[in-house]
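Shown next, in structure tokens, is the structure this report addresses.
Note that ligands are numbered from 1 as they come in the structure, with each ligand's atoms numbered from 1 the same way. Positions are given from 1, in the same order as the sequence printed here.
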Amino acid sequence: MKILYATSEARPFAASGGLADVAGSLPKALKSRRIACRVVMPLYAGISEEIRNRMKYITNFDVPVAWRNQYCGLFSINMDNVIYYFIDNEYYFKRDSLYGYYDDAERFSFFSRAVIEMIRHTNWTPDVIHCNDWQTALTPVFLNCFYRHEEIFSNIKTVFTVHNLQYQGQYGYAVLDEVVGINRENHNILDYNLCVNFVKGAMQCCDMITTVSPTYAKEICTPWFSHSLDRFLLDNQYKLAGILNGIDYQEYNPAKDKDIAVNFTSEDFSGKSECKKALLKDFGLDSNAGAPVVGIVSRLVSHKGIDLVRSAFDQIIAEGFKVIILGTGDSEYEHFFADMALRYPFSVAATIGFIPAAAKKIYAGADIFLMPSKSEPCGLAQMISLRYGTIPVVRETGGLADSVFDCSKGQGNGLTFQSYTPEEMMNALHRAKAIYNDKENWKKLVRYAMECDYSWNTSATEYIKMYKSL
Ligand code: GLC
């Protein structure tokens with residue numbers, strides 16, 4: 001079975017969010033289970049010189065973008081036993097950021113079509129093309145509109161994974177003739193709610209729609225979570241499934257991690273208190289106090305539940321928690337946390353930035369990890385914090401509801417709450433603090449959290465089952 005995994009980002013090459021983690025670890029997990037999985041992504045300017053020097057040039061060819069043809073170079077690299085292909089076009093990808101440009105529709109229309117065209121040049125025809133989010137959403141559309149009559153393309157199946165339904169690739173009708181270039185009789189594929197919608201097109205044309213947790217798969221069929229696609233998803237529920245993401249257990253391993261002060265395991269996690277001391281010191285807080293430390297590593301945007309944290313913040317501090325925040329996002333939240341660090345210099349530290357090594361120090365050194373998301377397709381941070389024995393306090397939504405279970409309702413690995421209110425969040429934090437103060441119970445909880453398995457073990461097997469069912 002051959003899978004071509006098409007993505008706009010993948011670690012360690014280019015990353016802006018959780019998709020890069022998944023694209024950097026699922027293919028490896030599939031490969032180690034004897035599924036031939038290769039990855040294709042754009043060759044961005046930000047990819048390091050060191051990695052570029054290891055790439056092999058394969059060929060170049062033309063890719064149609066509506067009425068014109070554009071140059072496309074093809075490179076590859078073998079990393080951790082997985083082959084990664086890179087689509088090169090400096091006009092589209094030699095830019096400072098991955099996304100956020102006026103011509104994103106054109107850039108990723110080009111990429112989505114290059115994913116198909118490259119198959120003519122690789123001597124390797126996949127059984128399945130697995131697309132992810134709006135950036136590769138046009139691949140299943142192009143495949144059906146332009147390529148099915150050719151033998152090599154006639155049997156390829158397509159899977160489309162939604163990592164976050166908020167981003168749908170919505171544009172005005174002008175892109176149909178200028179960028180996408182499909183025939184008039186096919187325009188209805190992309191037409192939705194009076195605009196062009198790439199994600200709706202992918203979901204219509206693909207063989208299977210997946211999303212990144214079973215709960216989110218149910219949630220997106222309801223108006224509150226669907227960003228207006230619930231009716232369409234209900235009609236297509238027969239081909240919709242939720243498969244929980246895993247995390248890379250080699251990358252996130254407290255026993256071997258070089259970014260943390262002291263390594264530790266679930267059998268002996270005495271090193272964790274050293275990590276806490278080092279964390280407090282690194283972030284300029286008093287490292288001798290016994291107060292519970294709440295860590296937040298997040299994009300600072302509304303759907304992450306930052307409003308709840310903001311409205312309960314004074315109370316959190318008044319009740320004796322210390323808070324360490326790492327993240328970037330909307331400026332109002334960035335300013336808020338920077339202000340709080342000034343207002344409470346002994347209890348709060350905020351770093352506005354995206355620094356993977358600092359994130360690991362928080363995962364390892366905090367006692368509690370707070371993730372009160374309004375919606376969360378899967379969420380990886382709660383799984384990483386579990387692995388490092390930091391107890392998650394989360395709202396029961398999406399992947400959070402599928403990975404964190406409240407310890408007051410039987411065997412659990414964290415604390416959860418349902419309603420999106422500061423009171424409910426505080427209630428969960430209180431319950432966490434009560435257990436924290438009972439040292440023996442807390443140790444049991446930490447050990448159990450560390451022993452939960454959120455590697456790709458189960459999920460990679462589910463993906464394989466799904467591919468085989470197509
Ligand atoms: C998106 C989602 C996040 C998910 C990640 C990987 O970033 O917001 O919940 O974990 O994709 O699938």
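With sequence neighbours excluded, no residue forms a salt bridge (charged side-chain N to carboxylate O under 4.0 Å, His left out) with Arg447.
Side-chain contact annotation: Tyr147 with Glu117, donor-acceptor N/O pair under 3.5 Å present. Side-chain contact, Tyr388 with Asp257: a donor N or O sits under 3.5 Å from an acceptor N or O.
Arg310 has a carboxylate O that lies under 4.0 Å from a charged side-chain N of Glu332, or vice versa, which qualifies the two as a salt bridge.
Remark: aromatic rings of Phe13 and Phe86 are close, center separation under 6.0 Å.
If you look at ligand 1, the protein residues with a non-hydrogen atom under 4.0 Å away are Gly18, Leu19, Val22, His163, Asn164, Val212, Asn245, Glu376, Pro377, Cys378, Gly379, Leu380.
Rounded to the nearest 0.5 angstrom, Gln237 CD and Ile209 CD1 are separated by 10.0 Å.
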